[in-house]
Each structure stands twice: as C-alpha cells, then as structure tokens.
**Student:** 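Input: one structure, supplied below.
Residue numbering restarts at 1 for every chain, and letters A, B, ... go by the order of the sequence lines.
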Amino acid sequence: MADTRVQGTIRKVSGPLVVADGMRAARMFDVVLVSDKNLIGEIIEVKGDLASIQVYEDTRGLGPGEPVVSTGEPLSVELGPGLIESIYDGIQRPLDKIREMVGAHITRGVSVPGLDREKVWEFTAKALVGDEVVGGDILGTVQESALVLHKIMVPPRISGKITKLESGSYKVTDMIGELEGQGGKHDLGLMQRWPVRQARPYKERLSPVEPLVTGQRVIDTFFPIAKGGTGCVPGPFGAGKTVVQHQLAKWADAEIVIFIGCGERGNEMTDVLMEFPELKDPRSGEPLMKRTVLVANTSNMPVAAREASIYTGITLGEYFRDMGYSVAVMADSTSRWAEALREMSGRLEEMPGEEGYPAYLPARAAQFYERGGRVTTLGTDERTGALSVVGAVSPPGGDLSDPVVQATLKVVKVFWSLEDWLAYERHFPAINWLTSYSLYHDGLEAYFRTEVSEEWAGMRQEAMKILQQEAELKEIARLVGVDALSNRDRLVLGTAKAIREDFLHQNAFDDVDTYTSFPKQYRMLRNIIAMNRHAQDAVEQSVSPEAIFGLPVQEEISRARYIPEAEMDELDAIAGRIETQIRELINEHAGVNELSE
Amino acid sequence: MAKEYRTVLEIAGPLLLVGEVSGVKYEELVEVELPGGEVRRGRVLEVDEDTALVQLFEGATGVSVDSAKVRFLGRGLELGLSPDILGRVFDGLGRPKDGGPAIIPEIKRDVAGAPLNPTARDYPNEFIQTGISSIDGLNTLVRGQKLPIFSGFGLPHAELAAQIARQATVLGTEGSFAVVFAAMGITFEEAEYFIADFRRTGAIDRAVLYVNLASDPAIERIATPRMALTAAEYLAYDLEMHVLVILTDLTNYCEALREISAARKEVPGRRGYPGYLYTDLSTLYERAGRIKGKGGSITQIPVVSMPEDDKTHPIPDLTGYITEGQIILDRALHRKGIYPPINVLPSLSRLRDKGIGEGKTREDHANLANQLFAAYARGKEAQELAIILGEAALSPEDKAFFKFAEVFEERYVKQGGDENRTIEETLTLAWELLEILPLSELKRVKPEQIEKYLKRTGAKAKEALVPKEATEGT
C-alpha cells in the first residue's frame, strides 16, 4: 500500500468544501482531484476516514458518490523561465492560456501547466562539468526578458558533482545536465517545483540597510520601506490602497515585482495588464511588464484559490530572491485572503475567534509576512537577495481595530495609514502623516546620509515637527480663528500647508508628478524648509507671514513637482530666489517702518 | 421524468431538508410540488450523503413534511433568452408578468454565470455622458463600470437612476443601447415609477425588467439580479448591445441572504450578515464590464440604501470594496432642496481618469475635477469654521472658499430632473465657479490651463488674495 494516490468518495458538498471518505491514507495539504471533472482541491482536515477538501474551482453540480483522488503531492508551483510577464490564477494556471483554451469565461477542470512547455530557452552554462555544487549554486543563465536574467540554480537540498551540463536551447521539461550526489543521480533541468505553503530556505537572514525607492514622496521621505522590509496599507474603500499598490509596483526600484490581486476587482488586473507593458521603467527604459509577474484571483473567482494565491505569489518571489535579486511582492488585498480563510473555517465548523475569523489568523498572517526579508541565499557564492512584502488591508468601514489589521500590524514594520477624509479632499496618496510610521529610519540612516544628503534626517524631522505643530494649532485656530494666532504660528500653518500640498500630495496620474527621485525629493523639501527658515527671520522682523507666502517664489515652490527630473537645476535656482525675495521683502518692510515712524 | 421524493425531513424558514436522496448535486435546481398542484422552485445548498438541503425561492408557506413532492432537475437555474425579451416585464424568477406570451428561448443560460477571465476583459475607458454635472464632471461614469448609488430612505435615488437611464449617451457613437432593470424588494410605487418613466420616454422598447416587489417572496430576490445579469450578458455579448443595468435595492437582496444564512445556523460575520457576503456580492458586481472582441458592454448602477445613512454598514461597505466607486446621496443637501443631492466629496469614480481627458472629454478635465474637489472640501471646512466663529472671523481666503462651496452646490450640483448638460457645459461652468477663488489657490490645475480657460487675469487674482494691511501687526 505504498501508493500515495489514495482514492476516496465524495460524501458531502457545501460550497467550496467537499468532504470525502476512504481518505485515511491521505496526507494533510495534499492536492486532490475531485470528481471526474478533475477539479483541483487541497486537503485541509483529516478525521479518521474523512478528509475535508477545499476545492479551488466552482463545485456546482458535484454530489455524493463521485470519486476523489489524491495526487500525493502538496500544492506546488513550477519555477523556471517563463514566469516573467505571466498572469496566473491563484494556483499558478496561466490565465491567458486558459482563455485561449476555453474563451472569455473561466470554466472548470482546465489543466494547464504553470510554465510554457513548448517555449525554447537559450541556456548558457556557468558551472562546469566536474564542479562540486550544493543547493542554490548557479548552473547557468537564461535571458528571460530584457530586464531579467534568469539564473538556473541547483534546487535546495541537492548537492553533488556535475557529471553533465551543456549550454544550448532547451524547453523547461528538457534535461540540461546531470548531477551525481549522495542520493544517487539527479537530473538537472531549467525548472524546479516547490510547495507554496513552505518557505524556501536561505542561509542567513540579514538586517535591511537600503530603502526600496518608490518615487512616492510621502513614502520615501517620511515612511520609507527597506529592501527586504514589510509594510501594510490599511484603509477604507476609496482611500486609494490600490493606487498606492500600483504605484509601488510601477516605480519601486525592485528588480522583480510580483503583484497579487487577491479577491479584488477584475478591471484592476486588466488595468495592470494593459498599462504595465506601456509604462517604461525609469531606470532601464524597458516596459515595466518585463520584470513583473501577476497573480490574479479576482473576487468572483473561486474563494479557496484566493486563499492559495498569496502563497503562490510569495513563493515566486522567494525563488527570484534566491537568484540574488531584490524582489517586491504586493498583495492586494490580504483582507480578502483572510475572508477566504474565514469562509473555509466556517464551513469546517471551527470555533470562531474575533469577528468570525479563525483563531489561527494572526499566526497565518505572521507566517506570510515573515517570508519577506533580506537574506544571504543558499549557494557557495553568498548572494544577497531581498524580498519586500507590502500587503493592502481593507478593514470594514476603515476601522483599524479589525482583526486582520491588528494581526498584520503585529508583524509589519511600516504602516501607511490611508484615511478617507484625506481622500475626500483629494489629497493623494491619502497617507495620514501623523499616524503612519516606519521602523526602518534607523537602519536606513547610513544610506540616506551617504546617498542623499547629510542633512536629510534633520530636514525630515523638521518637516514632521511642523506638521505636528500644525495639528495642534489647527485645534486652537478652530476655536479662536486663524487671525488670532501669532505671526509665528501662522507661519507654521503656512509652511505646513506647503509641505502637505506641495510635497506630500502627489498626482499618480500626472506624467511627471507620478515619480520623484530621491535627488528631486531632497531639493523639493529643502526649498520648503529653506523658505521656512528665511521666513522665520522675516517674521522676527515683524513681516507678516501672508506677505511671505504671497511672494512669487511660493508659487514656484508649489509648482516644483511638475519640473521634470532632467531639469533639476531649476529647483536649485528656486532656492536662490527664495533667499533674495525674502531679503527684499525684509528690506522693503524695514523701509516702510522707517517712513511711518 | 425526474425521480420524485416524498421524504422531506425538516422545514425551517425557507429551507427544506430532504432525506433518502441519491445522485443529488450541489446547486441543482429543485421543484417542490404541493398537494394543490402548485409548484415551487428551489436550489440545493448542501448535500451530505443521502440528505439534501434545499432553499425555496418562494418560501415554505404551506409546504408540509407529509405531502410535499420533491424533484431534482439535474441542472442549475436557467433563463431562456431571445431578442424578444426586450420591452418585457418579468417577475423575479423570469416569468412574464406583463400578461404577454411566454418567451420562446433561442438559448438557455445558467443564471449563476461564470467568472470572467481577467485577461479577456477590455478596460472600460469610454466616457458616458449622463448629463449630470456632479457625475460627468467629478465622478465620471465609464462604459463597463459598476458605479453604485449609496442612498438612504426617502432620498431620490430612484429619480437619479431613472435620469441616468434616460440621458446616458456615449459621445460620438451610435451603438444599440438597452436597459436591464432588476427590482429587489422595492415597493409597488417605486417599481411603477420606473416603468412609467420608461414608458414616458419610450425607453421601454429597449428595456427588460425583472421585478420582485416587497410583497413577493423574499428568497426569490436572490435569483432576481442573476436573472437580470444573465439577460444583460446575452444582450451585451450575444447581441452586442451596450447595456445599462440598474439593480435596486441591494440592501433587500443582502437581507434575503442573511435570512438563509440564519436559517442554516451559519457563523455570522458583521451584523449577522454571512461571512461570504463579499464573495456573493462580487459574483453580481463583477459581471459588469467589457470583453475583448465583443461589441457590447455592461454598465451597472446598483442602488444600495444605507441603513441609518451609515456608510460603514456591511452592505455599502462591502459594495464599495467591489465596485469602481460610489455616488453618495446626502440628506443635508436634500433638505436644502438640491437635486440631485450628490455629496461629491465622499463620492468617487475609480475609472474617471481612464475615461476623461484629451480625445474623450477635454484635456483639462482631470485637473479641473481635482481642483473642484479640493476647493469644495476647503469650502466645507470654512463653513464649519464659520458655524463656530461666525462668518466675519474667517480669513479672506476662507471667505472665498466659503462662497465657492455655496455657489458650487447651488449651480454645479443642483440641476433639474430633466436637465441634460453636455460635458462642455459642465466644464465651462466649473471654470466659471473657480473665478471666485484667488489664483494662487488654484494649485491642481496647470498654469497653461488657467491661461486658456480662466477669464480673469493673474494680476487681479493677486489683489483678491491678500489683504496685506489687514493682518499686519496682529
């Protein structure tokens, strides 16, 4: 009875949950084929003879008596050339292939492998016959897209001496070489498989030291995320979570981007599919799609596959991390994943925790985010790879006490709090500067000091202090009116407004404003702070803040965002004008005072 | 002839537990025959060995354990379709309600529908002119979009939905256009209002109506929107028509869902609604869209009445997470006599920026809309401030915004129930309103746009801004 292909019979069907008997020999989390329609499912509970199976496809028309066959393997993904530019469903079936096969609507029981079996890749061997290799060592490379050099690695847990390896043209199923190890001979191919619920191994975990540059001013300047860091974007609907996620996917300086559309709108995935091939990477000039993999399980697609989709996505991310790349994984939205978990838990009649979510929700969320990080990968060449994870959370009514938000905040280091009142004012990204945080400031300080400017941290703190003061002053102004405030306080309000409207606010749909490099961010903020410092001097000499903010240079500061990256000098010129115009104002004012005396 | 079971074990609410069955499939259509010969329909919610749990669309009143005869039909709930459905009124389960003949179907479709492959979708980017400024200008509707109206009891959502249905056009195209209307648990008067309006404007000839009234069986409502959307898909993708689907009122639909969930003793999510409410709603809303290579499109306007006007109630909340924006009606505006009482600030059209701009509406549209939003938000803030401090205490800037907010509501938001403004009129009106504000506050529009569309000169604007002498030395 060594055969792992256990066969059972359906006993119960309730939504995506199927219970089968005769499954005593089946293992937890093994993939099963349900009914003669061959629907894919996964065992999520075994009780004696009975196995509970979550089915990744619509279960309409299934009934007791139909067969269930275990494949003896856990849910796995195929890793190899062909991933880039693909769009997969939650269990790595290529959606474009499905469409070719069955048309516009997704039908059931379609079986398509994750990697194209027909496509031929040019493999260049880097290792030599006779080399002793271990898991993670690079055998050779395939230029997968203009942006991605796909490194073919020895699968983890395999080691030995290469007895055969040759450059040439191969399909993913072809053998490219052979390895003689302790366990005997191993075939080497372009493709390997990995179970999605298991994190891929690495040698050592490292602290993050470099920011993931996103080109989004509020993020990069105030709440940066590190390469290998984790972050979350909670917010009510309409606050712009998806736009933030899309902006990150577009502009983050990661080498690989995995975008997981988990239970969200179909049109959003279409948007990504249509827009990314058009958009150019600001660094290489190549289409952004050439570094992107999409995992799309929209809200109306089967709920169980939604649960699997984030694991599928992050496993792909880990694989590219293992090559030594910086990878960014965006999951939009983890709340839908949690809801899928809740739905299955309810059908299993488990004891519910908060809001009906299963008690293991925080543990599962932590497991997911902890797969991110900067690591030394397997392999003798000690490559460093980073996997950054950003999850959107959609709490009901924007209420941050939601169990999914709380479970997420426990593990992530960056919190971008999106708020609807900011969105109503069309202040985008609607990230609340007072409640958001990043725990990476300290770790990234050295980077900022050398790569951006010595004064960077100081400037940022100064700007944040002004925003804090504004919040307090606004309360007072609400009671006594702005006019009753002192000149100095009105100056704080004015500068805070400039920071908010001219720096934090960023238009994702404007060609120039959508992305701001660090040098430009630095110059923009420097100008605002310089304006404030000079204005303070002026106010000391009893010039009114209103007169200062009426200066023509103020308008230049507010339009600075539209200055293209190539014309950065313009920003330095503005800095000069700030000084001269305020000095003139002070002199003028002094002159008037003398006259009136 | 299907096998007939007389083995009903339990009846609870709209649910029927049938024993000793064999070969029953999940989601199968069921017929239950009562002693008087009346036949009711239902569907299988769960099969467990030899018992099947059946949900009756028309309720279980009069069904008895002893006498009910149950037949399993071996297929899902289907809708017969042909071009003749246009101009007809059906009940919530797709049976003619207007006294006309039965439809001779050319094709039968399972009403559950299948999820659309994201790679097959064509991105909605064609501007629909509704003739309503606060929608066209600020929360633009796009072909293939799902844009709900969040309303409250007593607010004119029916009038607004009807006006959109009446006026919606796509500039420069002459595709054939149809309206599919699904009523779920609304009153007779409200349904009549729509039917009469469709008749009055002749729209009835290209409309299909599925009507489940408040007095009709509640559980039937679960099928009604699926009937309507199946018909819409037929019209859009088989007959290549541009279909506008109005679903009203989703709140009643969700309540029916909750009723079944409660009868099944499921673990409830928020406010007693089932945990799968999001998934269930998405199987309705996500049926909006366009398909590559097909001429037609489905644009959805669902109406959601928010209990206690609370946007965080699970129904509007989950709806907002699925739909591409929302139009929110506001009681305060309604009281001020402003029709349509659209509160533009929390309203949103996610697809707006795809549907507007050069070649679609006008190149200044997006920036102009952002400017209006920002200015109106600021104006509302100023109005609040004025309540505490008195209008006189406002700074001159705030006064300008205060005034702007008032005029904006009176002239831009407010319009007649039959007033059909072109997009050009809407945009021009917006620039006119911006005259009220100091030039330096117009940060969201580009200088060249100000140059082109704003009548006033820069110098004058400066004057309006700062009263230098007024604030000095305070």
**Student:** May I ask you to decide if B:Glu27's main-chain N or O and A:Arg60's side chain share a donor-acceptor pair within less than 3.5 Å?
**Tutor:**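 Pair absent, no side-chain N/O of A:Arg60 close to backbone of B:Glu27.
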**Student:** Would you mind checking which part of A:Ser558 comes under 4.5 Å of any heavy atom in chain B, side chain (CB onward), backbone (N, CA, C, O), both or neither?
**Tutor:**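 Side chain only.
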**Student:** Under a 4.5 Å heavy-atom cut-off, does chain B meet the side chain of A:Ile106, its backbone, both or neither?
**Tutor:**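 Backbone plus side chain of A:Ile106, per the 4.5 Å heavy-atom cut-off to chain B.
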**Student:** Under 4.5 Å heavy-atom distance to chain B, tell me which part of A:Val480 shows up: side chain, backbone, both or neither.
**Tutor:**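 Contact with chain B involves the backbone of A:Val480 alone.
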**Student:** At a heavy-atom separation under 4.5 Å, does B:Arg43 approach chain A through its side chain, its backbone, both, or neither?
**Tutor:**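 For B:Arg43, there is no contact with chain A at all, as no heavy atom is under 4.5 Å.
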**Student:** At a heavy-atom separation under 4.5 Å, does B:Lys294 approach chain A through its side chain, its backbone, both, or neither?
**Tutor:**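 Looking at B:Lys294, nothing touches chain A.
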**Student:** Let me know if A:Val13 has heavy atoms under 4.5 Å from chain B in its side chain, its backbone, both or neither.
**Tutor:**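 Both parts, backbone and side chain.
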**Student:** Count the heavy atoms of every other residue, nucleotide or ligand shown that sit under 6.0 Å from CD of A:Glu475, and state whether that count exceeds 12.
**Tutor:**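 Not buried by this count: 12 neighbours or fewer within 6.0 Å.
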**Student:** With a 3.5 Å distance limit and no angle check, can you tell me whether B:Tyr278 reaches the backbone of A:Arg336 through a side-chain donor-acceptor pair?
**Tutor:**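 Checked: no pair found.
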**Student:** Under 4.5 Å, counting heavy-atom pairs only, tell me which of B:Lys292, B:Arg287, B:Gln145 racks up the most with chain A.
**Tutor:**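 Of B:Lys292, B:Arg287, B:Gln145, B:Lys292 has the most heavy-atom pairs under 4.5 Å with chain A.
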**Student:** Under the 3.5 angstrom rule, does the side chain of A:Arg265 hit a backbone N or O of B:Thr323 as a donor-acceptor pair?
**Tutor:**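 Pair found, side chain donor or acceptor close to backbone of B:Thr323.
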**Student:** Is chain B contacted by the side chain of A:Ala484, its backbone, both, or neither, given a heavy-atom distance below 4.5 Å?
**Tutor:**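 Contact with chain B is absent: no heavy atom of A:Ala484 under 4.5 Å.
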**Student:** Measuring heavy-atom distances to chain B, does A:Asp420 have an atom under 4.5 Å in its side chain, in its backbone, in both, or in neither?
**Tutor:**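 The side chain, not the backbone.
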**Student:** Most heavy-atom pairs under 4.5 angstrom with chain B, which of A:Glu349, A:Glu264, A:Met269?
**Tutor:**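 So the answer, after comparing A:Glu349, A:Glu264, A:Met269, is A:Glu264.
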**Student:** Taking B:Asn117 for the side chain and A:Asp96 for the main chain, is one N or O donor matched with an acceptor at less than 3.5 Å?
**Tutor:**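 Not at all, since once roles are kept as given, no pair shorter than 3.5 Å links the two residues.
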**Student:** Could you tell me whether A:Lys12 and B:Glu49 have a side-chain N and a carboxylate O separated by less than 4.0 Å?
**Tutor:**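 Salt bridge absent between A:Lys12 and B:Glu49.
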**Student:** Between B:Tyr285 and A:Asn300 (side chain of the first, backbone of the second, donor and acceptor by atom type, cut-off under 3.5 Å), is there such a pair?
**Tutor:**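 Looks like no, no N/O pair under 3.5 Å.
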**Student:** Counting heavy-atom pairs closer than 4.5 Å to chain A, which one of B:Gly76, B:Gly293, B:Gly320 comes out on top?
**Tutor:**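 With the most close heavy-atom pairs to chain A, the winner is B:Gly320.
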**Student:** Name the option with the most non-hydrogen atom pairs under 4.5 Å to chain B; the candidates are A:Asn267, A:Leu62, A:Thr107.
**Tutor:**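 It is A:Asn267.
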**Student:** Quick one: does any side-chain atom of B:Ser282 pair with a main-chain N or O of A:Ser299 as donor and acceptor, under 3.5 Å?
**Tutor:**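 Yes: the side chain of B:Ser282 pairs with the backbone of A:Ser299.
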**Student:** Do A:Arg559 and B:Pro447 touch side chain to side chain, with heavy atoms closer than 4.5 Å?
**Tutor:**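 In contact.
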**Student:** At a 4.5 Å cut-off on heavy atoms, which part of A:Leu273 comes close to chain B: side chain, backbone, both, or neither?
**Tutor:**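 Only the side chain of A:Leu273 comes within 4.5 Å of chain B.
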**Student:** Sort out for me which of A:His427, A:Arg306, A:Glu355, A:Gln554 touches chain B most, counting heavy-atom pairs under 4.5 Å.
**Tutor:**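 The answer is A:Arg306.
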**Student:** Apply side-chain hydrogen bond (donor to acceptor under 3.5 Å, both in side chains) to A:Tyr424 and list each qualifying residue two or more places apart in sequence or on a separate chain.
**Tutor:**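 Result, side-chain hydrogen bond (donor to acceptor under 3.5 Å, both in side chains) vs A:Tyr424: B:Lys311.
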**Student:** Measuring heavy-atom distances to chain A, does B:Lys380 have an atom under 4.5 Å in its side chain, in its backbone, in both, or in neither?
**Tutor:**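 Interface part for B:Lys380: neither.
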**Student:** Does a side-chain N-to-carboxylate-O contact under 4.0 Å join A:Asp510 and B:Lys446?
**Tutor:**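 Result for this pair is yes, salt bridge flagged.
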**Student:** Examine whether an atom of A:Arg342 lies under 4.5 Å from a heavy atom of chain B, and if so say whether it belongs to the side chain, the backbone or both; otherwise answer neither.
**Tutor:**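 Contact with chain B is through the side chain of A:Arg342 alone.
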**Student:** With only heavy atoms counted, which part of B:Pro316 is less than 4.5 Å from chain A, the side chain, the backbone, both or neither?
**Tutor:**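 Backbone only.
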**Student:** Which atoms of B:Val344 are under 4.5 Å from chain A, going by heavy atoms: the side chain, the backbone, both sets, or neither?
**Tutor:**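 For B:Val344, the backbone is the part near chain A, not the side chain.
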**Student:** Salt-bridge test for B:Arg378 and A:Glu501: reply yes if a basic N is under 4.0 Å from a carboxylate O, no otherwise.
**Tutor:**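 Looking at B:Arg378 and A:Glu501, the cut-off is not met.
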**Student:** Under 4.5 Å heavy-atom distance to chain A, tell me which part of B:Thr51 shows up: side chain, backbone, both or neither.
**Tutor:**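 Neither part; nothing is under 4.5 Å.
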**Student:** Could you look at B:Asp353 and say if it's the side chain, the backbone, both or neither that has a heavy atom under 4.5 Å from chain A?
**Tutor:**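 Looking at B:Asp353, just its side chain touches chain A.
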**Student:** Which one, B:Lys354, B:Lys443, B:Glu46, B:Arg121, leads in non-hydrogen pairs under 4.5 Å with chain A?
**Tutor:**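 Option with the greatest count: B:Arg121.
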**Student:** Could you look at A:Pro352 and say if it's the side chain, the backbone, both or neither that has a heavy atom under 4.5 Å from chain B?
**Tutor:**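 For A:Pro352, the side chain is the part near chain B, not the backbone.
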**Student:** Quick check on B:Asn367 against chain A: is it the side chain, the backbone, both or neither that has a heavy atom closer than 4.5 Å?
**Tutor:**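 Side chain only.
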**Student:** At a heavy-atom separation under 4.5 Å, does A:Asp89 approach chain B through its side chain, its backbone, both, or neither?
**Tutor:**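 A:Asp89 has no heavy atom closer than 4.5 Å to chain B.
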**Student:** Under a 4.5 Å heavy-atom cutoff, which of B:Thr312, B:Leu389, B:Asp50 has the most pairs with chain A?
**Tutor:**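 Option with the top pair count is B:Leu389.
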**Student:** Between A:Thr298 and chain B, with a heavy-atom cut-off of 4.5 Å, which part of the residue counts as in contact: side chain, backbone, both or neither?
**Tutor:**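 Just the side chain, heavy atoms under 4.5 Å.
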**Student:** Do A:Asn507 and B:Arg444 have side-chain heavy atoms sitting under 4.5 Å apart?
**Tutor:**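 Not in contact.
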**Student:** Does the side-chain contact (heavy atoms from CB on, under 4.5 Å) test come out yes or no for A:Met274 and B:Asp122, once each step is laid out?
**Tutor:** CA-CA 9 Å; A:Met274 299 182 101; B:Asp122 207 352; 3.5 Å; yes
**Student:** I'd like to know which of B:Asp317, B:Leu45, B:Asp280 tops the heavy-atom pair count under 4.5 Å against chain A.
**Tutor:**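 Between B:Asp317, B:Leu45, B:Asp280, the count favours B:Asp317.
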**Student:** In terms of heavy-atom pairs under 4.5 Å with chain A, which of B:Glu28, B:Arg270, B:His313, B:Lys146 leads?
**Tutor:**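 The residue among B:Glu28, B:Arg270, B:His313, B:Lys146 with the greatest pair count is B:Arg270.
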**Student:** Side chain, backbone, both or neither: which part of B:Ala374 has an atom under 4.5 Å from a heavy atom of chain A?
**Tutor:**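 For B:Ala374, the contact with chain A is made by backbone and side chain together.
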**Student:** Name the option with the most non-hydrogen atom pairs under 4.5 Å to chain B; the candidates are A:Asp58, A:Val303, A:Val482, A:Asp271.
**Tutor:**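 Of the candidates given, the most pairs with chain B belong to A:Asp271.
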**Student:** Select, from A:Glu268, A:Glu275, A:Lys497, the one with the greatest count of heavy-atom pairs under 4.5 Å involving chain B.
**Tutor:**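 Looking at each option in turn, the highest pair count goes to A:Lys497.
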**Student:** Validate the cation-pi geometry between A:Arg426 and B:Tyr376: distance from NZ or CZ to the six-membered ring centre under 6.0 Å, angle to the ring axis within 45°.
**Tutor:**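 No cation-pi geometry.
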**Student:** Checking B:Glu286 side chain against A:Gly266 main chain: does a donor-acceptor pair fall under 3.5 Å?
**Tutor:**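 Yes, B:Glu286 side chain to A:Gly266 backbone: donor-acceptor pair under 3.5 Å.
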**Student:** Are the side chains of B:Ile388 and A:Arg478 in contact, using a 4.5 Å heavy-atom criterion?
**Tutor:**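 Contact flag for A:Arg478/B:Ile388 side chains = yes.
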